[in-house]
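Take a look at the structure set out below.
Residues take their numbers from the sequence shown, with the count starting at 1. Being a predicted model, the structure only gives us computed values, none of them experimental.
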Amino acid sequence: MVRIYEPEIYFKSSEEMSEVQDSSVHLVVTSPPYNVGKEYGKYVDKHPLSRYLDFLNKVWRECARKLVRGGRIAVNVADTWRQPYLPLHSHITQQLLGLGLLMRGTIYWDKGASVGVSTAWGSWRSPSNPTLRDVGEYIVIFCKDSFKLESKNKLSTITSEEFTEYTKSVWRMKTADAKKTGHPSPFPEELPYRLIQLYTYRGDTVLDPFLGSGTTCKVAKALGRRSIGYEVDESYRSIIEKRIAGYQTLLDDQVSG
């Protein structure tokens, strides 16, 4: 049977994560607020760019401290605005490189099936101001000190078919329904599922410093991983607790060493 670990959830800013032991986390999976003015409740999602990036860098620094040697961090982020365009994934990439983390690559999340047809941001059928419409987001992948994560006789739970598919640099997944989730910017459960399967062993620890509606911890629990989440807005507590309580085990006993 899969051992189930109850997530540790802290309702505070992840700029300081003293509750987590240094060098104890195997994977960080997260998607930060994009600083575009969304209504999150307590968190203000619109700051001057320099202040916003400084905030993110503090969180990444804490994440780096918590990672084990060979531990990975996967940040899902969309580029923002259109006039001018802000390559947010490039800013975050430079921040993580600046912290001495090793880049493993970039995954492009193709959301084409979930994207509408609006072209309101630019001109219609005219060279006047045609604006490119983003149909995807990025997941930048880094690791700490070593590209290899020691297994120490742990069990891998990824199947051959999953490994073949998840090691591609383009992932095609639908978006999550914000109304059903109760959060303005949820990512689909398939996103942390793929990352956890690809980058961790059973029993490893997964951290999400921007937990939101609790998706990362829900999936980690269902996959037999330990998990830790930080969410600054405690109004999401009931949503998180309900989603985690309603998990379903996603694995059976067929695992590989």
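At most 12 non-hydrogen atoms from other residues, nucleotides or ligands lie less than 6.0 angstrom from NZ of Lys242.
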- request: For the pair His26 and Arg225, evaluate side-chain contact (heavy atoms from CB on, under 4.5 Å) and give the outcome as yes or no after the intermediate values.
  value: CA-CA 10 Å; His26 301 87; Arg225 271 66 167 179; over 6 Å; no
query: Do Ile73 and Val25 pass the side-chain contact (heavy atoms from CB on, under 4.5 Å) test, and can you show the C-alpha distance, the side-chain angles, and the key distance before you say yes or no?
result: CA-CA 10 Å; Ile73 177 170; Val25 171; over 6 Å; no
task: For the pair Glu150 and Lys154, evaluate salt bridge (charged side-chain N to carboxylate O under 4.0 Å, His left out) and give the outcome as yes or no after the intermediate values.
output: CA-CA 9 Å; Glu150 295 297 331; Lys154 293 179 180 179; over 6 Å; no
task: Take His47 and Phe55 through the test side-chain contact (heavy atoms from CB on, under 4.5 Å) and record every step on the way to the result.
output: CA-CA 10 Å; His47 294 287; Phe55 161 68; over 6 Å; no
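Note that CD1 of Ile158 and CG of Leu198 are 5.0 Å apart. Values are rounded to the nearest 0.5 Å. Within the model, atoms CD of Glu6 and CD1 of Ile244 stand 8.0 Å from one another, a figure rounded to the nearest 0.5 Å. Between the CG atom in Leu56 and the CZ atom in Arg51 there is a gap of 12.5 Å [rounded to 0.5 Å]. Interatomic distance, NE2 of His91 versus CG of Asp79, reported as 9.0 Å (0.5 Å rounding). In this structure, CZ on Arg65 lies 8.0 Å from CD on Glu16, to the nearest 0.5 angstrom. To the nearest 0.5 Å, atoms CG (Leu211) and SG (Cys217) are separated by 4.5 Å.
When the side chain to side chain donor-acceptor pair (under 3.5 Å) test is applied to Asn76, the partners found at least two apart in sequence or on another chain are Ser31, Glu137. In this structure, Ser238 has no side chain to side chain donor-acceptor pair (under 3.5 Å) partners at least two apart in sequence or on a different chain. With sequence neighbours left out, Ser90 forms a side chain to side chain contact (heavy atoms under 4.5 Å, CB included) with Pro87. When the side chain to side chain donor-acceptor pair (under 3.5 Å) test is applied to Arg243, the partners found at least two apart in sequence or on another chain are Glu189, Ser213, Thr215. Under the rule for a side chain to side chain donor-acceptor pair (under 3.5 Å), Tyr199 has no partner lying at least two apart in sequence or in another chain.
Between Leu149 and Val68, the closest side-chain pair of non-hydrogen atoms falls below 4.5 Å. For the pair Tyr34 and Leu86, the minimum side-chain heavy-atom distance is 4.5 Å or more. Residues Glu165 and Lys168 meet the side-chain proximity criterion, which asks for heavy atoms closer than 4.5 Å. In this structure, the side chains of Leu67 and Val28 come closer than 4.5 Å at one or more pairs of heavy atoms. Looking only at side-chain heavy atoms (C-beta outward), Lys144 and Ser23 come within less than 4.5 Å of each other. When side chains are defined from C-beta on, Leu27 does not count as touching Asp204, because their heavy atoms never get closer than 4.5 Å. No side-chain heavy atom of Ser227 sits under 4.5 Å from any side-chain heavy atom of Thr216. Under the 4.5 Å side-chain criterion, counting only non-hydrogen atoms from C-beta, Leu191 is in contact with Ile139.
By the rule that hydrophobic residues join a cluster once side-chain heavy atoms approach within less than 4.5 Å of another member, Leu223 and Tyr5 end up as members of separate clusters.
The aromatic ring centroids of Tyr108 and Tyr138 lie less than 6.0 Å from each other.
The backbone N or O of Phe147 sits less than 3.5 Å from a side-chain atom of Arg72, completing a donor-acceptor pair. The backbone N or O of Pro33 sits less than 3.5 Å from a side-chain atom of Tyr52, completing a donor-acceptor pair. The backbone N or O of Leu207 lies less than 3.5 Å from no partner atom in the side chain of Lys66, so there is not a single donor-acceptor pair. At least one donor-acceptor pair under 3.5 Å links the side chain of Glu231 to the backbone N or O of Gly212. The main-chain N or O of Gly136 is never found under 3.5 Å from a side-chain atom of Asp134 such that the two would form a donor-acceptor pair. Looking at Asn129, its side chain never comes within 3.5 Å of a backbone N or O of Ser123 through a donor-acceptor pair.
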Without placing hydrogens or testing angles, list every side-chain donor-acceptor pair under 3.5 Å for residues 92-102, not counting sequence neighbours.
residue, atom, partner, partner atom, Å
Thr93, OG1, His89, O, 2.8
Gln95, OE1, Trp60, NE1, 3.0
Gln95, NE2, Leu53, O, 2.7

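Between Arg194 and Glu190 there is a salt bridge, with a side-chain nitrogen of the basic residue lying less than 4.0 Å from a carboxylate oxygen of the acidic one.
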